[in-house]
Amino acid sequence: MSVKGGHIQDDILRHSLENPEEFWAHQAEHLYWHKKPSSTLKLTSKKLKSGIEHDSWEWFPDGEISTCYNCVDRHVEAGHGDHVAIYFDSPVSKTKEKYTYRQLLSEVEVLAGALREDGVRKGDVVMLYMPMIPAAIIGILAVSRLGAIHSIVFGGFAPNALAQRIDACKPVVLLTASCGIDGNKPPIPYRPLVEEAYQLAAHQPRRTLVWQRDQVRWGPTDRSAGQATWQTVVSGAQKRGIKADCVPVNSADPVYIIHTSGTTGAPKGVLRDAGGHAVGLHLSISYLFNIHGPGDVVFTASDIGWVVGHSYIIYAPLLAGAATVIYEGKPVGTPDASAFWRIIEEYKVNTMFTAPTALRAIKRDDPENKLLAETGKRGGLRSLKGLFLAGERSEPSLISMYQELLDKFAAPNAHVVDNWWSTEAGSPMTGRALVPHAGKDRKTKVRDHEPPHLKPGSCGKAMPGFDIRIVDDEGRPVESGNMGNIVLGMPLAPTGFRTLWDDEERFYGGYLKRFQGKWLDTGDSGWIDGEGYIHVMSRNDDVLNVSAHRLSSGGIEQAITSHPLVAEACVVGVPDALKGQLPFAFITLSTPSHPTTAIPDEKTSSEIQALVRKQVGAIASLGGIIQGKGMIPKTRSGKTLRRVLRELVENATKGEYEKEVAVPSTVEDASVVDVARAKVKEYFEEVGGKHAAIEEHGIKAKL
Ligand code: AMP
């Protein structure tokens, strides 16, 4: 990548790409190695069964490291044992707890001892199916303490999704809880879900440890099936003085397996290397997030089941020695849209990280940001230095609005940072770094600094070690400013994956084959501008082909959401006889009481069409607009399920309103699909052939 721009972030990127050995060797020094690596990077190749060979690599090849030691013991030994490691805040169970690093260490070493008695050894897989409670973090660290590999399955996934992952990972132990609590709904008992998953799975963990919660108990544990109450096992181990020391692993050994959230296709088991993970996360939390150690507080409003949760609820804050807030609640409804602002005020949060979908939900419930302003006016947001957004494209209007709010109420120089990454990447591939150097000398660091300037709609510039390029379908470079496939040069930065669990063929087929092993395909489309800012517009599957023009759903959604009344938009391509595909929009308004009809009024409709024509072009004129509240389905990690809406519209064009659509198990709320189905039906029955664009472009013919 030719690094553009004159900002220090560009110099740091250039250094990381031109001299990766020197750059990452220096970063590795911030961590404790049980055996220091004698070299930084080994370039290798791998041979598939089919005979194809592809490039591969290993970071810190002969180093030995314990992630748990670096996250916990190291801080206690450095005299920081009394600093807070975890704040637990659960409005849904009305609980608040606090764990210092010393307390965390004592919990983790005992649980690790108990797991070792259950036969958990280095390299074994332990699965967690847990709600957002401190026991989950303790469980994860205890697994890592033994040099074992964890695989976290989002708590509340359906039994078939859990069974699929059990068979894929073959865990020796499952750590679970008696229930999860999803917002203001009644608690979900986990026992029936776990037991059904065991019936569906071919593999059976030999042990199931159950964290008993008061809201719903598991009932008597079935000893013959290897079930035991977590609390009883731990207090037994404690009484007997059972503890486990850290077991280091090779740098290239996995610390965890994580399954991609699966908006498309079957989930893939992404494997994370222990050494690269620790080094890369340590860099990102200091350099990008401006979090350095005791006294700093990180609030990542995600779930431990997603990669953002792995990296920025659990590992990165603890690697830095900061405090992390575990929040068991929702952005809205627990109890209202002020929840995030309350957390920031109460724990003096320095960086908050969430998905744009959460901010859209807040905007729907509090369109004028009254609740945020209430907290802001009494100085409750003064600790906040960064608001990080990832998981989906953020529309520029959302970024600008929050930047203005930060300017008014947060710390001086606070920034909204859109950052682009994926489960595979393990840490942000782009962003605007909040400190001016890559953590060279932590004592003399300048803690506040101007990152590259804000460009709403761009997710910033490349992060160290990520060689981001835009290429055409043949893998040839595309000129700056033009849309294309976003690919990565190899090796990836150290947090990046190198393979899939037990499936090298799928790794090659899914990521390398498309560009003959030259580039790693991210599956995203976008462009890089003249200053080196990256604009991620959509997943390749969501690119529309209108009269042979490639249009991104993200670009059209951006135009629609620039309308002041639109809180959220989702654009899908529907087949059209004339043009190939026609953009079709689903919108939610931010008016206090949402209209009940699916058809927007003439004025709003024509204003939206005008914005799309002006900002994207007449080619992108919408074939239809459906309005409704609670109608855009999302995955649990906040990604819009465009495919589901596309299928509903496609079926409606054939009059098949009730036809089943494939809804992935990752869906947050399946009832949203029913709302969308009803809206689509209402729209097509009502508007049908009368809709100008539909008539013009041929959907009418199919009605
Ligand atoms: P996942 O692996 O489930 O975390 O999903 C990764 C995908 O989410 C990426 O490939 C992008 O399509 C999308 N994504 C994540 N962050 C951003 C962002 N800041 N802007 C645009 N898309 C994003």
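Whatever order the structure lists them in is the order used to number ligands and atoms, beginning at 1. Because only heavy atoms are used, hydrogens play no part in the values below, and waters and symmetry mates are left out as well, while side chains stay in.
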Pair T640-E392, side-chain hydrogen bond (donor to acceptor under 3.5 Å, both in side chains): steps then yes or no: CA-CA 8 Å; T640 305; E392 255 207 320; 2.6 Å; yes
Which word best sums up how the rings of Y315 and H277 line up, parallel for under 30°, tilted for 30 to 60°, or perpendicular for over 60°? perpendicular
Could you tell me whether S637 and ligand 1 have an N or O pair separated by under 3.5 Å? no
If we only count N/O pairs under 3.5 Å, is T423 in contact with ligand 1? yes
N419 to ligand 1, any heavy atom closer than 4.0 Å: yes
Side chain or backbone, does T522 bring an N or O within less than 3.5 Å of an N or O on ligand 1? no
Return yes if a side-chain donor-acceptor contact under 3.5 Å exists between D407 and Q403, otherwise no. yes
G391 N/O under 3.5 Å from ligand 1 N/O: yes
Is it true that M537 lies under 4.0 Å from ligand 1, counting heavy atoms only? no
How about T635 and S637: does a side-chain donor come under 3.5 Å of a side-chain acceptor? yes
Tell me whether the rings of F507 and F497 are parallel (<30°), tilted (30 to 60°) or perpendicular (>60°). perpendicular
Below 3.5 Å, N or O to N or O, backbone or side chain included: is there any such pair between R539 and ligand 1? yes
